[in-house]
Amino acid sequence: MAVSVQTEDFDLGQAVRDLTGDRTDIGALVTFTGLVRDAADGSLEAMELEHYPAMTEKALREIEAQARERWDLSACLIIHRVGRLEPGDRIMMVATGSAHRRDAFEAAEFLMDFLKSRAPFWKKEHSAKGADWVDAKDSDEEALYRWQR
Amino acid sequence: MAVSVQTEDFDLGQAVRDLTGDRTDIGALVTFTGLVRDAADGSLEAMELEHYPAMTEKALREIEAQARERWDLSACLIIHRVGRLEPGDRIMMVATGSAHRRDAFEAAEFLMDFLKSRAPFWKKEHSAKGADWVDAKDSDEEALYRWQR
Amino acid sequence: MTLDILYFAWVRERVGTHKETVETSAATVADLLAELRNREERYALAFSDLSAVRVAVDQTLAELDASLENAREVAIFPPMTGG
Amino acid sequence: MTLDILYFAWVRERVGTHKETVETSAATVADLLAELRNREERYALAFSDLSAVRVAVDQTLAELDASLENAREVAIFPPMTGG
């Protein structure tokens, strides 16, 4: 049950250790890490992440609360970085812990689908050719449909 | 592209760092960690994992090869422990890296579904009441159906 | 009514400011956008395609026809690209 | 033909050994299991419910009607519980 918006990097192993501690009720733990992917021609110099500070944590908490309502989660974590990142850098992570693997997997996918297009972050890519805002993908919008009920 | 069967514990963060290194072509990285879950009444003392040494690595490599054939994976890792474990201990992990999150998620779920019932491991649970082999679940067998094509 | 308006990403770049305070009697988000579009060319440019614009009212995502009653802060931005 | 037979988990416990070498002319895995069942009570007990038994021939999962031609090693075990 933790949400963090930060400029600093994070350590996946440490984040999971902090989340699960000495607990013995978690049988399945899923993590997703998003990383800055270079362009195929290696031209990406940096990715800049802008966000809406007054809204970001609130939005992440709401998305997390929805996941906790739908699945049997014993642990849940969202970390999202903002600021300037370079190819290969970690952008964000989610972790979901549950007694059962299906809950952990589905909740992690749900968190990612909502983070992609319902949390106030915007990515700008910088290369030698200039800077461009990353377009939202139709496929990300469509990914939300499967969670409708 | 790595498979390990070992008695020693592993570190999730280190395993992922070893897997991805300085690569900049991985946008999405999913991990699953399986942990020894205590009984609801706290009675589990230990879990013993038996395997079929001559077959285990081969089976894991085949499952990994199937995942790499079906999804666009740029990195894939399976670590499975054997021997005696205690509640809260890590049992195994998989990691899948891809350009896109859907590939990474689906491949990780596929690996887990096949590891559950097609890799030669057997779990025995020890409590004050005695020792019992863990029964395979019908739901684990059914989980394989969705990957048929 | 006095409203703080925030702009993000390319909406911010086209409007040319991150934040401004406006006096308005707009009843809905759509009314507010129409008002701004009529005010200056840069707003007309930023909001020329309403399907490319998302809004939040008081830090909660809202539709264009959302009421501005009791609103304090409206944010206008492109579709989000988190994760 | 000479075959190594391995047993795992509760099959191993019921048969009472982890590994043995047998001389057999069984054509299929099912034939081999029938032969063992007829040999001693402990095998009959271990293989009483064939739906609860899985097999591998030369380290590859196989069906009960799989041929033993050229086989060197057969493993018999309960449904696997990895992950």
Side-chain angles (χ1 to χ4, degrees), chain B residues 3 5 32-37 47-63 66 78-82 85 90-94 108-125 130-144, chain D residues 1-22 24 28-29 32-33 36 42-83:
Chain B
V3 156
V5 181
F32 178 93
T33 307
L35 303 130
V36 180
R37 186 161 58 94
M47 173 177 280
E48 200 186 320
L49 264 147
E50 179 169 334
H51 74 130
Y52 177 4
M55 177 175 166
T56 315
E57 279 211 18
K58 184 180 161 190
L60 298 185
R61 285 189 195 285
E62 280 169 10
I63 293 169
Q66 283 181 47
I78 304 174
I79 300 176
H80 208 301
R81 295 177 70 190
V82 293
L85 302 173
R90 279 171 283 273
I91 304 171
M92 49 74 63
M93 69 167 284
V94 303
E109 289 201 70
F110 172 91
L111 290 174
M112 286 310 305
D113 285 346
F114 276 79
L115 278 171
K116 281 276 166 187
S117 42
R118 292 293 182 273
F121 296 97
W122 299 273
K123 292 179 179 137
K124 192 176 197 175
E125 292 181 337
D132 273 312
W133 290 98
V134 173
D135 283 328
K137 290 186 212 133
D138 289 343
S139 61
D140 284 334
E141 198 60 36
E142 286 154 15
L144 296 178
Chain D
M1 133 184 86
T2 305
L3 268 185
D4 286 334
I5 312 189
L6 302 183
Y7 306 101
F8 293 98
W10 59 253
V11 173
R12 169 178 56 73
E13 291 177 343
R14 289 191 196 170
V15 170
T17 185
H18 169 57
K19 181 176 181 178
E20 61 186 333
T21 302
V22 300
T24 179
T28 66
V29 173
L32 175 68
L33 292 178
L36 292 168
R42 57 191 172 110
Y43 294 104
L45 202 71
F47 311 144
S48 61
D49 176 7
L50 286 182
S51 76
V53 163
R54 300 289 178 274
V55 296
V57 176
D58 291 332
Q59 299 92 44
T60 298
L61 294 176
E63 300 296 323
L64 288 180
D65 59 2
S67 164
L68 290 180
E69 203 179 337
N70 300 319
R72 310 273 307 263
E73 179 175 297
V74 172
I76 309 172
F77 42 76
M80 293 150 277
T81 53

Looking only at atom types and distance, does a side-chain atom of [X] sit under 3.5 Å from a main-chain N or O of [Y], one as donor and one as acceptor?
X	Y	value
His80(B)	Gly82(D)	no
Lys137(B)	Thr81(D)	no
Glu50(B)	Ala9(D)	yes

| message | Need one label for Ala56(D): side chain, backbone, both or neither, based on atoms under 4.5 Å from any heavy atom in chain B. | response | side chain
| task | Using non-hydrogen atoms and a 4.5 Å limit, figure out which bit of Arg54(D) sits close to chain B: side chain, backbone, both or neither. | result | neither
Other residues, nucleotides and ligands only: do more than 12 of their heavy atoms fall within 6.0 Å of [atom1] on [X]?
X	atom1	result
Glu63(D)	CD	no
Arg42(D)	CZ	yes
Asp49(D)	CG	yes

| field | Pairs of heavy atoms under 4.5 Å with chain D: top-ranked of Lys58(B), Glu48(B), Met93(B) | value | Lys58(B)
| said: Quick check on side chain to side chain contact (heavy atoms under 4.5 Å, CB included): which of Leu6(D), Leu61(D), Asp58(D) does Met55(B) satisfy it with? | reply: Leu61(D)
Measuring from [X]:[atom1] to [Y]:[atom2], what's the distance to the nearest 0.5 Å?
X	Y	atom1	atom2	result
Glu13(D)	Trp133(B)	CD	CH2	5.5 Å
Met80(D)	Lys116(B)	CE	NZ	13.5 Å
Trp10(D)	Asp132(B)	CH2	CG	13.0 Å

| said: Would His51(B) and Phe8(D) count as a side chain to side chain contact (heavy atoms under 4.5 Å, CB included) here? Give the steps. | reply: CA-CA 8 Å; His51(B) 74 130; Phe8(D) 293 98; over 6 Å; no
| Among pairs that include at least one residue of residues 55-83 of chain D, which meet ring-ring contact (aromatic ring centres under 6.0 Å, His included), considering only residues two or more places apart or in two chains? | Trp122(B)-Phe77(D)
| request: Using side-chain hydrogen bond (donor to acceptor under 3.5 Å, both in side chains) as the criterion, list what pairs up with Asp4(D), not counting sequence neighbours. | output: Thr21(D)
| Ala75(D), Ala52(D), Pro78(D): which one forms the most heavy-atom pairs within less than 4.5 Å of chain B? | Pro78(D)
Which portion of [X] sits near chain D, non-hydrogen atoms under 4.5 angstrom:
X	value
Ala59(B)	neither
Lys124(B)	side chain
Arg118(B)	both
Asp113(B)	neither

